[in-house]
Amino acid sequence: SKAVERFSEILRDIMEKAHRILIMGHNDADGYSSMAIMALLVEKIFRKESIHWMSFDSPAELFRSLNNFNVKMYDSVIVVDFGSEDELRALFEILGERVFVIDHHVSYPEEYKEYVLNPRMLGVETDSFACSSTLSYSIAKLLGLSPKSMYAPSIVGAVGDVQYDYEDSETVVRALVGYNRLVLEELKSHGLVVEEIAPNVYGKYQQTVREAINKYGLCSKLFSDIVPERYSMKSWHDLKVDEKASIIMKIIERISRMDLVKKEVLSELFIYDYIFPYEKFAHFHEAKEFSTLINNLVRLNLGKGARSLALSILKYKHLREDLSILRQVEQYLKEANKKKREYYKRAKEHATQLVINDVKVLTFMDTSESPMPPSVTGSVTNFLMSVDRGLRDIYVVGTYERKRDILKISIRISSEDLIKGTIGEIIKEIAREMGGEGGGHKFAAGCEFTGLRDEKNAKKVFYDVIYKILSI
């Protein structure tokens with residue numbers, strides 16, 4: 001579109017003149033993938049060497065960081081996967097017209113439209129149909145970066161972004177749609193990505209049926225007898241095309257006899273994954289596994305080294321083939337899994353139920369001496385929802401970090417019929433009314449508050465948010 005071309009022209013003009021460049025992104029798979037693409041663009045096309053980067057858990061944290069260092073030392077700032085219209089306007093007021101924003105949230109300040117790359121410029125009106133990494137892919141390609149240089153971060157970021165309802169889930173990958181699919185199809189045409197659809201009896205793409213039955217239970221048990229015994233120790237990846245087709249047809253025949261051929265049922269029976277055929281190691285071969293790896297590296301307080309490693313393996317294919325890098329990845333994963341088990345156990349043991357106006361709410365507020373980091377409240381909320389099998393209506397998890405005086409709350413709802421509108425819009429308004437910041441999507445949302453001073457006030461805000469959700 002003309003708007004995208006104009007954005008690229010302004011970006012090219014500034015980049016060619018800039019000497020010191022700062023790239024900032026959201027602290028998740030989409031944010032890091034987008035930063036990786038933009039860093040590759042700046043390095044390979046504009047030949048700049050003085051590139052610095054930083055990540056943030058939320059716009060509020062970014063604004064605090066900007067107050068602690070001299071941002072004027074940078075000639076240009078690129079921000080990816082950022083936030084709402086009001087937050088963007090505040091960002092431009094601080095950084096002026098040296099900042100370029102690539103963000104998939106569809107609202108943006110009209111007065112700065114030439115400096116924002118947004119889904120609406122591509123005819124996309126729903127933010128889940130495009131993500132910051134596929135938008136970054138588009139602008140980088142337009143400016144001359146080869147798809148071969150950035151196929152991994154483009155899809156890893158997209159998969160990470162559409163997993164918001166099932167964050168860190170081992171069972172579900174949603175299909176890429178909308179603008180994300182256009183980028184996917186282009187990469188598929190180059191042979192850089194292969195799309196796989198597997199029955200959910202496998203739980204995940206590279207897992208055998210026998211492993212799935214032991215781990216995931218019901219769905220696998222309902223349909224596992226369809227898979228011949230001789231295939232039971234093979235993963236979906238190992239089966240031949242005709243063997244896969246036979247299994248899929250038998251599953252569809254069974255649900256037809258049960259009169260369950262509906263879009264919602266089919267979407268739960270099949271999982272999608274995106275395979276990188278040129279990747280050697282399992283950690284990087286599947287987009288979903290790669291995305292979960294990045295989230296583990298950047299969201300679990302593993303340190304600057306882990307975050308730097310995440311950015312590096314997204315940027316450079318040769319590092320993904322380096323055995324010493326692989327050993328670092330596995331060491332960090334071991335540490336990450338230990339931390340996650342600790343957070344999940346804490347939430348499961350201390351979660352409590354509230355019943356308000358016949359609505360069942362399962363809650364957990366972490367005020368321990370070493371609380372979970374704000375960036376993992378979404379994962380813990382999803383874990384509670386999973387082990388509870390969605391029997392409650394709403395799941396709310398909060399953590400209060402005393403040192404930084406930050407309260408982060410994540411919310412998941414089991415049905416859209418519980419509330420009027422989307423939980424994302426509701427939380428955005430509640431947070432704004434209460435002096436915080438928030439937002440989200442149809443079934444998932446989060447908000448953050450600062451300046452609470454102590455645990456007592458943090459708990460009050462936590463429960464106030466819950467009651468306000470149910471009063472709307």
Side-chain angles (χ1 to χ4, degrees), residues 15 21 23 25 27-55 78 80 132-134 136-160 183-184 186-196 205-206 237 273-298 302-336:
M15 287 295 112
I21 298 162
I23 301 174
N27 204 28
D28 62 8
D30 187 30
Y32 268 74
S33 294
S34 305
M35 283 199 294
I37 292 170
M38 297 313 293
L40 283 169
L41 173 68
V42 172
E43 289 174 12
K44 291 181 177 291
I45 302 302
F46 298 113
R47 306 292 181 184
K48 306 296 180 179
E49 295 181 358
S50 185
I51 304 170
H52 301 262
W53 65 273
M54 61 176 285
S55 60
I78 299 172
V80 295
S132 296
S133 58
T134 50
S136 297
Y137 169 90
S138 298
I139 200 70
K141 183 190 169 195
L142 190 61
L143 289 169
L145 192 62
S146 164
K148 193 173 182 180
S149 302
M150 52 177 170
Y151 67 84
S154 302
I155 301 302
V156 166
V159 168
V183 172
L184 169 67
E186 182 174 306
L187 292 171
K188 283 168 61 178
S189 73
H190 291 297
L192 297 169
V193 184
V194 175
E195 184 173 24
E196 282 282 353
Y205 176 63
Q206 288 186 325
H237 174 70
D273 210 347
Y274 307 98
I275 312 304
F276 302 128
Y278 295 108
E279 298 292 339
K280 287 175 57 178
F281 296 120
H283 289 306
F284 315 122
H285 190 62
E286 290 178 68
K288 179 181 179 297
E289 293 287 322
F290 201 161
S291 176
T292 301
L293 165 64
I294 297 301
N295 277 327
N296 283 332
L297 289 175
V298 306
L302 299 178
K304 179 81 172 183
R307 294 193 296 273
S308 296
L309 179 63
L311 192 63
S312 296
I313 59 178
L314 282 165
K315 285 170 66 178
Y316 303 122
K317 185 177 185 298
H318 72 272
L319 292 182
R320 301 195 292 270
E321 298 176 346
D322 187 319
L323 285 174
S324 65
I325 295 294
L326 187 65
R327 284 192 287 271
Q328 288 182 48
V329 165
E330 290 176 342
Q331 185 59 41
Y332 277 124
L333 276 181
K334 185 177 179 181
E335 186 180 347

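Predicted model only: the values in this text are computed from it and were never measured.
A donor-acceptor pair under 3.5 Å is absent between the side-chain atoms of S132 and the main chain of G31, judged by distance alone. Remark: the backbone N or O of A287 is not paired with any side-chain donor or acceptor of S291 at under 3.5 angstrom. Checked by atom type and distance alone, the side chain of S189 pairs as donor or acceptor with a backbone atom of E186 at under 3.5 Å. With hydrogens and angles ignored, the 3.5 Å screen pairs no side-chain donor or acceptor of N27 with any backbone N or O of S55. With hydrogens and angles disregarded, a donor-acceptor distance shorter than 3.5 Å links the side chain of D30 to the backbone of S133.
Counting heavy atoms from C-beta on, the side chains of S154 and I37 come closer than 4.5 Å. K188 places a side-chain heavy atom less than 4.5 Å from the side chain of E195. By the 4.5 Å heavy-atom criterion applied to side chains, L323 and F281 are counted as neighbours. At least one side-chain heavy atom of L314 sits under 4.5 Å from a side-chain heavy atom of F290. Put simply, the side chain of H283 reaches to within 4.5 Å of the side chain of L333, judged on heavy atoms. Looking at heavy atoms from C-beta onward, Y137 lies in side-chain contact with L187 at the 4.5 angstrom threshold. Annotation: side chain of K141 is in contact with side chain of M150 (closest heavy-atom distance under 4.5 Å). I78 has its side chain within reach of M15: a pair of non-hydrogen atoms, C-beta onward, lies under 4.5 Å apart.
Residues S33 and G157 come closest through the heavy atom pair OG-N, 3.3 Å. Closest approach of Y332 and A306 over heavy atoms only: OH-N, 3.4 Å. Contact detail for P153 and A36: the closest heavy-atom pair is CB-CB, 4.4 Å. Pairing each heavy atom of L302 with each of A336, the nearest pair is CD1-CB, 4.0 Å. For the pair I294 and A310, the tightest heavy-atom approach, listed with the atom from each and the gap, is CD1-O, 3.8 Å. Taking both residues in full, the closest heavy atoms of A282 and E289 are given as O-CB, 4.4 Å, listed atom of the first, atom of the second, then distance.
Within 6.0 Å of atom NZ in K304, more than 12 heavy atoms from other residues, nucleotides or ligands are found, so the atom counts as buried in its surroundings. Crowding of F46 atom CZ: a count of heavy atoms from other residues, nucleotides or ligands under 6.0 Å exceeding 12.
When each of R320, H285, K317 is paired with E279, the side chain to side chain donor-acceptor pair (under 3.5 Å) condition holds for R320 and for no other.
Y316 has its ring centre less than 6.0 Å from the ring centre of H318. In this structure, the ring of F276 has its center less than 6.0 angstrom from the ring center of Y151.
Atom OH of Y32 sits about 5.5 Å away from atom CZ of R307, to the nearest 0.5 Å.
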